[in-house]
Each structure stands twice: as structure tokens, then as C-alpha cells.
Amino acid sequence: METKEIKFKGCAMNGFLMLFINLVLYVVLAAAAIYGIVLLAEEDGQELLGGCLLCVGSLGFIANIICSCGFMQLEPNVAFVTTWFGKYSGTFSETGFYWINPFYGKKKVSLRARNLDAEPIKVNDKTGNPVMIGLVLVWKLKDTYKALFEVDSQTMAANPNAVGSDTKGLMNALENFVRVQSDAALRQVAGQYAYDDEDSLHNEPTLRSSADEINEQLEQKLDERLALAGIEVVEARINYLAYAPEIAAVMLRRQQASAIITAREKIVEGAVSMVKMALDKLSNEHIVELDDDKKAAMVSNLLVVLCGDESAQPVVNTGTLNH
């Protein structure tokens, strides 16, 4: 992913040192202003000095209050995107307590991984069958410049006027962007495959049987769509797949019929093998001599017994094999 993010190159000072200096200046400037007021009240010819001290102390106190707005605290995987009167100045992501020029605009963003569990949506597979499909997506910000300045995430936030401090609103706006693009990518990928092997042609990959291939293609499509917002896809997987309710019952009966046919094929295959083994054993061990008619009758009876759904009722033959 091509990145437009740059590292903050402005002056960033240790926050604890600047806090100490800031507190000392508060005390000094307050003392200067109070001393100036005292000199003005004494009227002993030092009114000019007193006025200067009061003016310097008051203006310095106001300036020190403005400087106090430059403190910022960063936790791991959190960053501040800085601007200088509207111009992008870089992204500051050093963990700790720092002070920078308070006239820099600062917008806080999270670089931590976020999870999106998309609700199942109805799409048509390659053969036109409506299916319900859902995905789970893990994503995180990779390029803060694109996230803030190449998609309209700020005005999409719940409180765009407080976007600098409303990190949750900004990230929720980006999550809405991810949700919409995920929906589009999922529809695109699902429409390229049949639901299962019975619907596909020429043994093509299907949504049910080729999960790894589908997930890989889904990640690729999502990467292409979300790169615009500087978002990296950590993992994307289909977590729900089923026929749509209007055809689910019909497809279930079809699957049941297919299962019954497969089971019958196995039963017949096993029955024929057992009949052949019985005839060969009777012949090889010379237990009884059977002509073709008797063999045909025996084969028919054995197949009925072995392939029938219910237990066969035995019939005792009181005759002889010679008749």
C-alpha cells in the first residue's frame, strides 16, 4: 500500500520538563502582576515600573495558558495527526507525554486493530440461487493521512465539530466506510462462485468447498477498496453461509435426495459384492450345484434381503433342489 503519511518533524519536547517550566512561569508571572499592582497602589513614583510589571505579568499569564494547550499524552498504537493552519504537518505517534506548539492542530486517531462482524446479506451466487452470506473482518489504520484527508470521515462522524477530540466518532465513521465497502466486496466475490458442487460446472471452486480460496480473494478485494482510506485488512473470512429462506426447504430436500441416492449406491455395491462372494463360495466348495435359474432366483432373493429397507421374512422351502 502506497503511503502518504509522514513523520512529524516539528519540535516536540518532553512533557514533564515543559510542565515544570509552565508551572514555574505561572508563579513568576502571577508574582510579577501582583507586585505591579502593589507598586501602582503605593504612588511613590514607581507607577511606570508597576504598570510594566502588571502588563507583562498579565500578558505572560495569558500566553502561558495558551502554551498549556500544547501538552499531549499518547498510549501505544495511538497517534496525533498534526496540521499547521490547515496544512498537513505529519503524524506524531511517539508513546509518552510530550509538548508541541499549541498552534498545531491535533486530531487523535487509533491505530489499533478493530473487528467488524457484518450481518449476513442476501446475494445471488453464480448460478442465480439466492444465498445468505456474512463475513468477519479485522482491520486497522495504516495511513493516517488518507484516513483523514482522502475520505470524508470527519463530516461523517457523529460530532464533526469536535473531531479532534471525538476519536470514537471518527473511528465509527471509518467503520461505516469499511462496512459499506465490505458489503460491496462480499457481493462481488460471492457472485463469482456457485454455492456447492451440485450447482457448479466442470468441478469449479464453490463457496462451500473452497473456503481458503474464497477468503483469499475476499481479502484481496477488500484491500483494493479500503486502500483509499489508508486501511489495512488483517484478516477477512466468511463466517456464515446458507441458502436464502425462500429456497432453503427445497434445497434441503435436494440434498436429502442426493444423500439417499449415494447411500443406495453404496448398499447395492455392497450387496452385489456379497452375492458374488456367496455364489463363488458355494461353487468352489461344492456345497450345492445350482443351475442358471436357481442362481438367478438366489441372486434375486439375496438382493431383496440385502437392499430392502425392512427385515426380510424367512420362508422355509420344504421341497428339494432337484425339482
Side-chain angles (χ1 to χ4, degrees), residues 1 113-140 142 146 151 156 172-273 303 306-309:
M1 179 190 299
R114 298 174 72 88
N115 189 60
L116 174 66
D117 186 6
E119 292 292 330
I121 59 175
K122 183 187 294 186
V123 301
N124 291 330
D125 67 2
K126 186 176 181 180
T127 59
N129 293 325
V131 299
M132 300 296 296
I133 187 170
L135 66 81
V136 59
L137 171 65
V138 182
W139 62 276
K140 63 180 180 179
K142 189 71 173 179
K146 291 181 178 180
V151 295
M156 287 191 298
N172 286 342
L174 289 173
E175 184 169 323
N176 289 334
F177 179 84
V178 172
R179 189 183 304 276
V180 173
Q181 294 301 321
S182 299
D183 184 285
L186 185 59
R187 290 180 184 276
Q188 181 182 2
V189 172
Q192 297 176 358
Y193 298 91
Y195 179 86
D196 57 20
D197 296 329
E198 295 181 357
D199 298 327
S200 65
L201 301 174
H202 309 298
N203 296 323
E204 295 177 349
T206 65
L207 294 173
R208 287 186 60 192
S209 63
S210 306
D212 292 338
E213 180 179 340
I214 305 300
N215 292 331
E216 182 179 349
Q217 186 170 354
L218 183 59
E219 285 188 19
Q220 180 183 351
K221 295 297 182 183
L222 285 169
D223 269 326
E224 294 173 358
R225 291 175 175 271
L226 299 180
L228 173 65
I231 294 172
E232 177 188 14
V233 177
V234 179
E235 183 183 21
R237 291 190 175 278
I238 293 175
N239 68 336
Y240 183 88
L241 181 64
Y243 281 113
E246 57 266 28
I247 67 167
V250 175
M251 292 303 178
L252 177 60
R253 287 198 297 268
R254 189 185 72 170
Q255 291 174 354
Q256 290 173 339
S258 177
I260 291 173
I261 292 172
T262 303
R264 287 293 185 184
E265 289 178 351
K266 286 290 184 182
I267 291 173
V268 171
E269 181 181 348
V272 170
S273 176
L303 287 177
L306 295 173
C307 297
D309 291 331

Practice problem: Identify the two heavy atoms, one from Asn172 and one from Arg114, that lie closest to each other, and give their separation to 0.1 Å. | Solution: OD1-NH2, 3.7 Å
Self-check item: From NZ (Lys221) to CG (Asp223), nearest 0.5 Å
Solution: 11.5 Å
Self-check item: Straight-line distance of Gln220 CD to Arg225 CZ, nearest 0.5 Å
Solution: 12.0 Å
Practice problem: Starting at CG of Leu228, measure out to CD of Gln181 and round the result to the nearest 0.5 Å. | Solution: 8.0 Å
Quiz prompt | Approximate separation, where rounding is to 0.5 Å, of Glu175 CD and Leu116 CG | solution = 5.5 Å
Quiz item: Do you know which two heavy atoms are closest between Tyr195 and Thr206, and how far apart they sit?
Solution: O-CB, 3.8 Å
Self-check item: Leu222 and Trp139, any side-chain heavy atoms less than 4.5 Å apart
Solution: no
Self-check item: Whether over 12 other heavy atoms sit under 6.0 Å from Glu235 CD
Solution: yes
Quiz item: Can you name the closest pair of heavy atoms from Ala244 and Met132 and give their distance?
Solution: CA-CG, 3.9 Å
Self-check item: Minimum-distance pair of heavy atoms, taken over all atoms of Lys146 and Gly230
Solution: CB-N, 3.6 Å
Exercise. Mark yes or no for whether Asn129, through its side chain, and Asp125, through its backbone, hold a donor-acceptor pair below 3.5 Å.
Key: no
Exercise. May I ask you to decide if Leu135's main-chain N or O and Asn239's side chain share a donor-acceptor pair within less than 3.5 Å?
Key: yes
Quiz item: Are the charged groups of Asp183 and Arg179 less than 4.0 angstrom apart, N to O?
Solution: no
Practice problem: Would you mind reporting whether Tyr240 and Glu119 have side-chain heavy atoms less than 4.5 Å apart? | Solution: no
Quiz prompt | Heavy-atom closest pair, residues Ala236 and Glu219 | solution = N-OE2, 3.4 Å
Quiz item: Is any side-chain heavy atom of Leu207 closer than 4.5 Å to a side-chain heavy atom of Lys126?
Solution: no
Practice problem: Provide the closest heavy-atom pair for Tyr193 versus Pro205 in the form atom of the first, atom of the second, distance. | Solution: CD2-O, 3.4 Å
Quiz item: For the atom pair CD1 (Ile214) and CZ (Arg208), what is the distance rounded to the nearest 0.5 Å?
Solution: 13.0 Å
Self-check item: By side-chain contact (heavy atoms from CB on, under 4.5 Å) - contacts of Val268 (at least two apart)
Solution: Val272, Cys307
Quiz prompt | By side-chain contact (heavy atoms from CB on, under 4.5 Å) - contacts of Asn124 (at least two apart) | solution = Pro130
Quiz item: How about Val233 and Leu226: do any of their side-chain heavy atoms sit closer than 4.5 Å?
Solution: yes
Quiz prompt | From Leu218 atom CG to Arg237 atom CZ, the distance as rounded to the nearest 0.5 Å | solution = 10.5 Å
